[in-house]
Amino acid sequence: MDTIIYIEYRTYCTPNARSIAMAQEAEDTVIDDEMIVHAITDAGVSRGGSLTPGMLAETMAEAMSLCLSFKHILKIANLHGFSVLQKLCLDNNSIEKIENVDHLVHLTWLDLSFNCIRRISGLSKLKRLADLSLFSNYIEQIEGLDDCLELQCLSFGNNKIVALDSIVALRGFVNLRLLNLEGNPVCKEGEYRRHVLAYLNQLTYLDYSMVTKAESTAARELYQDELLDVEEKEALREERMVREAANAMYTSKLRMANLAAAETIFGEMFVEDTEMTKLQHLPGTSNIKTSFQTEVDAASDVFIQAGLAQEEHKRIEIALLEETLKKLRAQYAHDSISLIESFERTKKKRLNQITSHQSQELTDVNHLRQLLADLSHNLLDLEMQQVGQFEEAMGDFERKFVELKTCCLESQQSFFRAVEECEKNYTRNLTQLMNELLEKAAKDDLPIDISDEGTSLLADRDTCLNAVAGSHDIHVGRLYKLEDDIKNREEQASKVIIKKYRDQEHERSRARVQDLKEYESTLARELMELPC
């Protein structure tokens with residue numbers, strides 16, 4: 001409630017006579033470092049003294065709010081240093097366009113009231129924005145806010161909004177509680193308030209007054225029929241969006257499994273088929289093409305199901321390898337720690353004895369040096385054992401992964417041969433149709449509904465048959481290219497997976513050996529400093 005009251009006060013306030021006179025006399029400017037320094041100093045967040053460039057950058061990076069009101073600003077710029085800014089006040093300036101704020105992704109409060117803005121834009125990345133004031137500008141249309149779904153408070157008072165329909169677009173903002181439109185031409189509509197409350201029944205405040213439950217209910221009853229129509233369209237749109245999202249997720253899943261070609265292969269064959277533009281004018285070709293697509297779709301379904309199963313097997317093998325490596329590294333880490341802890345206990349005991357002169361110093365120091373040499377040897381031996389066991393696990397993984405890759409390649413080959421056979425059937429059927437039509441053309445017995453383009457094509461037998469042969473060549477050529485592409489991706493993906501784990505192990509082992517050397521050198525230096 002406190003936030004709402006404050007917002008209402010903010011959007012209601014207007015420049016006093018002195019500020020208006022100053023604005024008329026001053027020249028428009030842009031945001032620069034000097035202006036930012038003054039704003040930071042005025043806010044009391046500077047660290048004392050003059051701000052050096054380094055201090056300014058650090059202060060900007062930590063600033064949560066920035067107020068640049070009444071600064072005669074013409075253009076928003078130079079705010080890239082504010083990486084965590086949450087509140088930005090740019091009210092009472094001369095800003096004409098909302099720009100250069102898309103990097104302020106933490107922004108929750110933006111005040112652009114009393115400016116010269118005509119269109120809402122540049123806010124698509126401010127997904128956390130909860131409070132937006134564009135009070136007293138020149139805005140005619142509510143737009144450009146589709147991605148700001150966290151909005152709770154919106155002030156469009158004293159603008160040029162005319163259409164009630166633009167307000168209906170705010171139904172998608174389920175968190176919206178406060179809306180100010182007072183001072184717009186749309187407010188002069190006789191049913192304005194009830195229309196807004198009917199479509200935006202989640203509002204708590206509208207134009208500086210609280211919305212009662214009874215008022216909202218009455219408005220919805222008045223517009224019941226219109227609301228049913230809107231809600232039905234919204235439901236259909238939501239259903240379509242869900243369906244599109246599911247399709248996109250499915251396509252992404254196929255792409256990850258190197259199966260995306262199965263979804264598009266039929267269309268791919270016809271992308272460059274210029275001959276089909278001639279043949280499509282002949283009666284019966286569309287039915288043959290439809291049958292061709294049905295056959296290809298059936299082959300694609302079989303291929304996709306087999307491919308997804310193979311992809312699942314790959315994921316299982318990868319998970320098993322990662323679990324094996326995790327256990328392997330945990331075991332060797334435990335063994336290494338045990339050796340180091342044992343050495344450290346012995347070292348501490350011997351050093352205490354040396355310090356208290358309870359032992360023969362030279363003998364004890366030489367003994368520690370020998371223990372250190374043994375420790376280094378044993379730790380390095382453990383590392384070599386770990387590398388050896390990695391090789392065993394990786395070798396087993398590679399064999400299984402190569403077998404899976406081979407299965408995938410065989411499945412791909414079977415799929416493309418099946419599609420190629422479908423294409424041959426399509427070409428045979430098309431050739432048969434062509435011969436029948438050519439015979440009818442020779443007897444002047446063509447269907448009366450045949451197009452002029454079809455009649456012209458059938459006037460020349462060679463042209464017809466060459467078009468069918470050309471279409472076939474294009475399809476087969478495209479198939480072979482797609483087959484090569486998917487095969488190469490399969491080979492490359494297998495290499496990438498294997499290389500990934502080998503590179504990780506190489507880096508781990510190299511770093512481990514370096515750590516062991518540094519540890520040994522540090523302990524050796526400590527022992528060298530002991531009396532002999």
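Computed over heavy atoms, backbone and side chain alike; hydrogens, waters and symmetry mates excluded. Along the sequence shown, residues are numbered consecutively beginning with 1. These numbers were taken from a predicted model, which means no experiment stands behind them.
Side-chain atoms of K253 and L308, non-hydrogen and from C-beta on, do get closer than 4.5 Å to each other. A 4.5 Å side-chain heavy-atom check between L66 and K87 finds every atom pair outside the cut-off. Contact annotation: the side chain of Y501 approaches that of I318 to within less than 4.5 Å [non-hydrogen atoms, C-beta and beyond]. Between D396 and T324, the closest side-chain pair of non-hydrogen atoms is not below 4.5 Å. Side-chain atoms of D147 and K125, non-hydrogen and from C-beta on, never get closer than 4.5 Å to each other. At a threshold of 4.5 Å between non-hydrogen side-chain atoms, the residues L88 and F82 do not count as touching. You'll find the side chain of E231 reaches within 4.5 Å of the side chain of L228, heavy atoms only. Using a 4.5 Å heavy-atom threshold, the side chains of K347 and L371 count as separate.
Residue pairs that meet the ring-ring contact (aromatic ring centres under 6.0 Å, His included) test with at least one member in residues 232-251, sequence neighbours left out, do not exist here. Pairs of residues two or more places apart, or lying in two chains, never qualify as side chain to side chain donor-acceptor pair (under 3.5 Å) while including a residue from residues 284-302. Residue pairs meeting the salt bridge (charged side-chain N to carboxylate O under 4.0 Å, His left out) criterion with at least one partner in residues 420-431, sequence neighbours excluded, are R417-E420, E421-R428.
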Enumerate donor-acceptor pairs with a distance under 3.5 Å from any side-chain N or O in residues 261-272 to protein atoms, sequence neighbours excluded.
residue : atom : partner : partner atom : Å
E263    : OE1  : T251    : OG1          : 3.1
E268    : OE1  : R478    : NE           : 3.2
E268    : OE1  : R478    : NH2          : 2.6

**Report entry** Steps toward salt bridge (Lys or Arg N to Asp or Glu O under 4.0 Å) verdict (K495, E491)
**Finding:** CA-CA 6 Å; K495 291 178 182 178; E491 295 278 6; 5.6 Å; no

Report task. For the pair D335 and L339, evaluate side-chain contact (heavy atoms from CB on, under 4.5 Å) and give the outcome as yes or no after the intermediate values. Result -> CA-CA 6 Å; D335 293 345; L339 288 175; 5.8 Å; no

Report task. Show your reasoning for whether side-chain contact (heavy atoms from CB on, under 4.5 Å) applies to E520 and L379. Result -> CA-CA 10 Å; E520 180 182 8; L379 288 175; over 6 Å; no

Report task. Test side-chain contact (heavy atoms from CB on, under 4.5 Å) on Q202 and V174 and set out the steps. Result -> CA-CA 7 Å; Q202 77 276 25; V174 296; 5.8 Å; no

Query raised in the report: Which is it for L321 and E317 under the side-chain contact (heavy atoms from CB on, under 4.5 Å) test, yes or no, and what are the steps along the way?
Result: CA-CA 6 Å; L321 173 65; E317 290 300 328; over 6 Å; no

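F401 is linked by a ring pair (Phe, Tyr, Trp, His ring centres under 6.0 Å) to F397, counting only residues two or more places apart in sequence or in another chain. Partners of F415 under the ring pair (Phe, Tyr, Trp, His ring centres under 6.0 Å) rule, at least two apart in sequence or in another chain, are F303.
Considering every non-hydrogen atom in both A299 and V419, the closest pair reads CB-CG2, 4.5 Å. The minimum heavy-atom distance linking A61 with V84 is given by the pair O-CG2, 3.3 Å. Here the closest heavy-atom approach between residue G122 and residue V101 is recorded as O-CG2, 3.6 Å. Considering all non-hydrogen atoms of both residues, L465 and M434 come closest at CD2-CG, 4.2 Å. Across every non-hydrogen atom of G284 and L433, the tightest pair is C-CD2, 3.7 Å.
For the pairing with Y332, the side chain to side chain donor-acceptor pair (under 3.5 Å) check across Q386, Q389, K327 returns one residue only, Q389. A side chain to side chain contact (heavy atoms under 4.5 Å, CB included) with Q152 holds for exactly one of T204, N175, T108, L129; it is N175. Test K517, R510, R329, R508 against E383 for salt bridge (charged side-chain N to carboxylate O under 4.0 Å, His left out) and you get one pass: R508.
Between the R128 side chain and the E150 main chain, no donor and acceptor come within less than 3.5 Å of each other. Checked by atom type and distance alone, the side chain of N100 pairs as donor or acceptor with a backbone atom of I76 at under 3.5 Å. Between the side chain of S252 and the backbone N or O of A248 there is no donor-acceptor pair closer than 3.5 Å. Not a single donor-acceptor pair under 3.5 Å links the side chain of N425 to the backbone N or O of F292. The backbone N or O of C407 lies less than 3.5 Å from no partner atom in the side chain of S411, so there is not a single donor-acceptor pair.
Once rounded to the nearest 0.5 Å, the distance linking CZ of F173 with CG of L149 reads 6.0 Å. Note that OG1 of T522 and CD of E518 are 7.0 Å apart. Values are rounded to the nearest 0.5 Å. Here the CG-CG distance, from L79 to L90, works out to 7.0 Å after rounding to the nearest 0.5 Å. Here the CG-OG distance, from L178 to S155, works out to 7.5 Å after rounding to the nearest 0.5 Å. Interatomic distance, CD of Q504 versus CD of E322, reported as 7.5 Å (0.5 Å rounding). Note: N488 CG to Q492 CD = 8.5 Å, rounded to the nearest 0.5 Å.
Residue-environment remark: CG (D102) exceeds the threshold of 12 foreign heavy atoms within 6.0 Å. More than 12 heavy atoms of other residues, nucleotides or ligands lie within 6.0 Å of NE2 in H80, so this atom counts as buried by the packing criterion. The number of heavy-atom neighbours closer than 6.0 Å to CE of M256, taken from other residues, nucleotides and ligands shown, is 12 or below.
R315 and E312 are joined by a salt bridge, as a carboxylate oxygen and a charged side-chain nitrogen come within less than 4.0 angstrom of each other. A salt bridge does not link K405 to E490: none of the charged side-chain nitrogens sits closer than 4.0 Å to a carboxylate oxygen. Taking a cutoff of 4.0 Å between a charged side-chain nitrogen and a carboxylate oxygen, D229 and K233 qualify as a salt bridge. Contact check on K278 versus E275 returns a salt bridge, with a Lys/Arg side-chain nitrogen under 4.0 Å from an Asp/Glu carboxylate oxygen. Salt-bridge formation is detected for the pair E239/R243: a Lys NZ or Arg NE/NH1/NH2 atom is positioned less than 4.0 Å from an Asp or Glu carboxylate oxygen. By the 4.0 Å N-to-carboxylate-O rule, R240 lies close enough to E244 to be salt-bridged with it.
Counted by atom type alone, N201 and S216 present zero donor-acceptor pairs between their side chains at under 3.5 Å. Q370 and N366 share no donor-acceptor pair across their side chains, judged by distance under 3.5 Å alone.
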